[in-house]
Structure formats: C-alpha cells, structure tokens
Amino acid sequence: SSAGYHVSPSSSMKGAVFRDPTRPLSLELLQIPRPQPGELLIRTKACGVCRSDLHVLKGVLPFVSPCVVGHEITGEVVDHHPLTDPKIVHRFPVGSLVVGAFSMPCGSCFHCSKGHDDLCEDFLAYNRAQGTLYDGKTRLFLHGTGEPVYMYSMGGMAEYCIMPANGLAVLPGSLPYSESAILGCAAFTAYGAMTHAAEVRPGDSIAVIGVGGVGSSCLQIAKAFGASDIIAVDISDEKLQKAKIFGATHTVNAIKEDAIEKIKTITGGMGVDIAVEALGKPQTFMQCVQSVRDGGKAVMIGLTKSGVVGEVDINRLVRRK
C-alpha cells in the first residue's frame with residue numbers, strides 16, 4: 001500500500017546501471033525506491049566516485065549485477081515508511097540535509113552491539129555479498145519491467161536512494177553538498193583508521209603511502225591530531241604537490257627514489273611511528289610494513305583484487321613488534 005508515503009509509487013528516476021566490465025554504465029529509468037521501517041528515502045544531491053567503485057566496474061571486486069554503485073552521498077530526506085520509529089522521523093524529518101556512511105551498520109548484530117560497526121555482519125552478508133539490504137531484498141527495480149537492480153551500499157549513483165537510519169548523519173547547513181559527499185567514505189575511513197587503528201598522538205611521525213581520496217584525508221587528520229613529520233608517498237608529482245596543502249611536511253615520489261630509504265632518512269634511520277597504506281597493492285603493503293620503526297604501527301586501508309596476498313617478515317614482526 002502507498003498510504004502514508006509522500007512519493008508516488010508510479011514515479012521514476014534515472015540511475016547509472018552497471019551490468020558487466022565490458023560495457024559502460026548505462027543511464028536507465030528505475031522505479032523510485034520505497035523505504036521500509038527504519039529506512040529513509042534520500043534525494044541524492046552528490047555522490048563521490050571511490051576506488052572501490054572502480055574496482056567493481058572493472059571486475060576486480062566481484063559484485064552481483066545489474067547494480068547501481070556509489071557509496072558516499074549527500075542528499076535530502078524526502079520520505080519515511082509509515083511504521084518507522086518516531087524518534088528516527090524526529091531526528092531526520094522530511095527536508096533534512098544528510099550525509100550517508102558507506103558501511104550502513106545494522107546496529108544490532110554481534111559486532112555492532114560491541115561498537116564495531118565496521119564489522120557489521122548484516123552489511124557483509126547481505127549488502128556486500130548479495131547487493132541487498134538486511135531483509136535480503138534490493139530496493140531498486142527497473143521502471144516498466146520490474147527487473148531487480150542490486151545496490152552497492154545505497155546505490156548512490158541515482159537520483160534517489162534508500163538508507164538505513166543507522167548509516168545517516170545530519171549535514172550542517174554550512175557545508176556544501178558536493179564537497180561533503182566524501183565524508184561518507186574517504187574522510188570516514190581515514191578518521192577511523194587514524195583514530196582507532198593508528199591512535200595518532202601529538203608528535204608522532206607518519207607516512208601515508210598513496211595520497212588519493214583516503215590518503216589525502218589521512219594527511220589532514222594527522223595534521224589536525226598534531227603529528228610532527230607527515231610524509232606523503234605516491235608516484236604522481238601532481239598529487240604530492242597537493243599533499244603539501246593537506247598537511248604533508250615531506251613528499252616522496254616512489255618512482256624516482258626508494259621510498260623506504262627516504263622515509264628512514266627523514267626519521268633519522270628509525271622509520272616512522274605510523275605508516276598507512278591507502279592504495280591496496282602488494283608492493284605498497286610491503287613498503288608500509290618496512291617503513292615502520294621497531295614498535296611502530298602499520299595500518300592497512302587500501303582494498304585490492306580478491307585473493308591478493310601481502311608479505312610480512314615474520315621474525316621482525318615477532319621480535320620487533
């Protein structure tokens with residue numbers, strides 16, 4: 001029944017549909033999705049393009065298709081399910097400006113109940129494995145035929161998307177839609193890594209290997225947390241130049257010089273307190289591990305092709321932490 005909804009069930013929207021890596025995205029008409037209890041219908045204002053989206057589009061990360069990718073969005077709340085908890089409706093009334101987190105935690109599984117939203121069982125079992133939300137059903141269907149279209153996170157590359165309330169936060173009116181879209185993944189991921197995994201403290205020396213969206217966010221957060229030497233490592237001089245704006249005190253082009261040796265030279269031969277790998281390649285994985293001082297931390301963020309393995313010197317890991 002459409003009773004209680006604000007949006008007509010006959011309405012359609014445009015979405016960028018992915019079918020297989022040999023074909024480009026196609027702009028197709030979809031039914032405007034209907035939120036279930038605890039979910040909100042969002043009119044998408046902006047959606048970032050993340051490297052993991054590109055991994056799906058290139059077939060590097062297997063994912064069910066046809067699907068709509070895009071998992072870092074800003075938008076406006078336009079509808080609720082009539083049976084949604086009034087507290088959610090009060091927090092996110094129609095017209096609210098919101099930002100969506102890519103992980104969309106269920107809030108009730110074993111890991112969520114212990115505060116580890118990033119390990120949400122339902123997110124991995126349903127969304128990442130099946131392209132659905134947590135009742136095992138997608139919210140996206142082609143207009144006209146009703147063919148199901150699956151969702152990579154919320155499927156943000158469409159005019160509207162469905163988000164569980166647990167994955168949303170209010171976007172302050174002072175922040176612009178377009179630039180704020182990356183808060184839901186690039187900034188969100190970087191903040192979690194620097195706060196919870198790296199536990200950055202004032203005076204720490206840090207190397208960030210790979211300064212794309214996530215890596216650049218790591219640089220900014222490291223600076224905000226009071227890190228001393230902040231070393232950006234990449235193979236693009238253009239990215240390294242921008243890294244200085246984001247807080248890098250040193251830059252290393254890994255094509256032109258040995259990144260590990262340069263990092264050790266900058267840190268007086270010791271290596272950094274914290275090294276962050278934000279690219280997802282075996283070579284950069286090894287650089288990250290070998291750039292850390294004894295007792296330091298190597299933090300891995302970058303995703304890669306399924307089955308790719310990174311090597312670690314076991315004796316150094318055991319003896320020198």
**Report entry** Flag side-chain contact, heavy atom, 4.5 Å: Val49 against Met157
**Finding:** yes
Query raised in the report: What are the two closest non-hydrogen atoms of Ala248 and Ala232, and how far apart are they?
Result: CB-CB, 3.9 Å
Query raised in the report: To the nearest 0.5 Å, what is the distance between CZ (Arg139) and SG (Cys161)?
Result: 12.5 Å
Query raised in the report: Distance-only, no hydrogens or angles: does the Glu28 side chain make a donor-acceptor pair with backbone N or O of Leu30 under 3.5 Å?
Result: no
Query raised in the report: Hey, any chance Met163 and Leu183 share a hydrophobic cluster, counting ILVMFWY side chains that come within less than 4.5 Å of each other, even indirectly?
Result: no
Query raised in the report: Which value, rounded to the nearest 0.5 Å, describes the distance between Lys262 atom NZ and Thr251 atom OG1?
Result: 8.5 Å
Report task. Determine, for Arg19 against Glu147, whether the closest basic-nitrogen to carboxylate-oxygen distance falls under 4.0 angstrom. Result -> yes
Report task. Compare every heavy atom of Pro33 with every heavy atom of Pro35, then report the nearest pair and how far apart it is. Result -> CD-O, 3.9 Å
Query - Asp117 and Cys120, any side-chain heavy atoms less than 4.5 Å apart - result: no
Query raised in the report: Is there a donor-acceptor contact under 3.5 Å from the side chain of Ser113 to the main chain of Ser108?
Result: no
Requested in this report: Check for a donor-acceptor pair, side chain of Thr304 on one end and backbone N or O of Gly280 on the other, with a separation under 3.5 Å.
Outcome: yes
Query raised in the report: Is there a side-chain contact between Leu140 and Met13 (heavy atoms, below 4.5 Å)?
Result: yes
Requested in this report: Indicate the atoms forming the closest heavy-atom contact of Val292 with Cys288, along with that distance.
Outcome: CG2-O, 3.2 Å
Query raised in the report: Judged by atom type as modelled, is there a donor-acceptor pair below 3.5 Å linking the side chain of Thr249 to the main-chain atoms of Ile230?
Result: yes
Query raised in the report: Would a distance-only check, ignoring hydrogens and angles, find a side-chain to backbone donor-acceptor pair under 3.5 Å from Asn127 to Thr132?
Result: yes
Requested in this report: Treat each ILVMFWY residue as a node, draw an edge where side-chain heavy atoms are under 4.5 Å apart, and state whether Val17 and Ile73 are in one component.
Outcome: yes
Query - Heavy-atom donor-acceptor pair, Asp273 side chain to Ser205 backbone, under 3.5 Å - result: yes
Query raised in the report: So do the side chains of Asp229 and His250 get within less than 4.5 Å of each other, counting heavy atoms only?
Result: yes
Report task. Say whether Met151 and Val78 are linked into one hydrophobic cluster, either directly or through other cluster members, by side-chain heavy-atom distances under 4.5 angstrom. Result -> yes
Requested in this report: Decide whether Met194 and Ile231 are clustered together by the hydrophobic rule: side chain heavy atoms of Ile, Leu, Val, Met, Phe, Trp, Tyr closer than 4.5 Å, transitively.
Outcome: no
Query raised in the report: Could you walk me through whether Phe102 and Thr189 pass the side chain to side chain contact (heavy atoms under 4.5 Å, CB included) check?
Result: CA-CA 9 Å; Phe102 78 91; Thr189 300; 3.6 Å; yes
**Report entry** Where Ala259 and Val252 come nearest, the two heavy atoms and their spacing
**Finding:** CA-CG1, 3.9 Å
Requested in this report: Answer yes or no: is there a donor N or O on one side and an acceptor on the other, between the side chain of Ser12 and the main chain of Gln31, under 3.5 Å?
Outcome: no
Query raised in the report: Are Thr195 and Phe225 side-chain neighbours, meaning at least one heavy-atom pair lies under 4.5 Å?
Result: yes
Query raised in the report: Hey, quick one: are Ile274 and Ile260 part of the same hydrophobic cluster, counting side-chain heavy atoms closer than 4.5 Å, chains of contacts allowed?
Result: no
Query - Worked verdict on Asp79 versus Ile32 for side chain to side chain contact (heavy atoms under 4.5 Å, CB included) - result: CA-CA 11 Å; Asp79 214 346; Ile32 291 185; over 6 Å; no
Report summary line: In short, Asp204 meets Glu199 closest at the heavy-atom pair OD2-O, 4.1 Å
Requested in this report: Give the C-alpha distance, both sets of side-chain angles, the deciding distance and a yes or no for side chain to side chain contact (heavy atoms under 4.5 Å, CB included) between Tyr152 and Leu61.
Outcome: CA-CA 11 Å; Tyr152 190 69; Leu61 286 179; 4.3 Å; yes
Report summary line: In this structure, CG of Asn166 is separated from CE of Met104 (nearest 0.5 Å) by 10.5 Å
Query raised in the report: Near Gln283 CD, under 6.0 Å, is it more than 12 heavy atoms from other residues, nucleotides or ligands?
Result: no
Report task. Could you give me the CA-CA distance, side-chain angles and deciding distance for Glu311 and Val289, then say whether side chain to side chain contact (heavy atoms under 4.5 Å, CB included) is met? Result -> CA-CA 9 Å; Glu311 296 183 356; Val289 173; over 6 Å; no
Report task. Consider only side-chain N and O atoms of Ser236 and Asp234, and report whether a donor and an acceptor are under 3.5 Å apart. Result -> no
**Report entry** More than 12 heavy atoms from other groups under 6.0 Å of CG on Leu97
**Finding:** yes
Query - Contact check, side chains of His71 and Ser52, non-hydrogen atoms, under 4.5 Å - result: yes
Query raised in the report: Between the side chain of Thr138 and the main-chain N/O of Val149, is any donor-acceptor distance below 3.5 Å?
Result: yes
Query raised in the report: So, for Ile162 and Glu39, which heavy atoms are closest and what is the spacing to 0.1 Å?
Result: CG2-OE1, 3.3 Å
Report summary line: Here the gap from Leu171 atom CG to Glu76 atom CD, rounded to the nearest 0.5 Å, amounts to 11.5 Å
Requested in this report: Working to the nearest 0.5 Å, report the span between OG of Ser291 and CD1 of Ile206.
Outcome: 13.0 Å
Query raised in the report: Considering residues, nucleotides and ligands other than Leu83, do more than 12 of their heavy atoms fall under 6.0 Å from its CG?
Result: yes
Query raised in the report: Once you round to the nearest 0.5 Å, how far does NZ of Lys305 lie from NZ of Lys281?
Result: 11.5 Å
Query raised in the report: Within a reach of under 6.0 Å around OH of Tyr191, are more than 12 heavy atoms found that belong to other residues, nucleotides or ligands?
Result: no
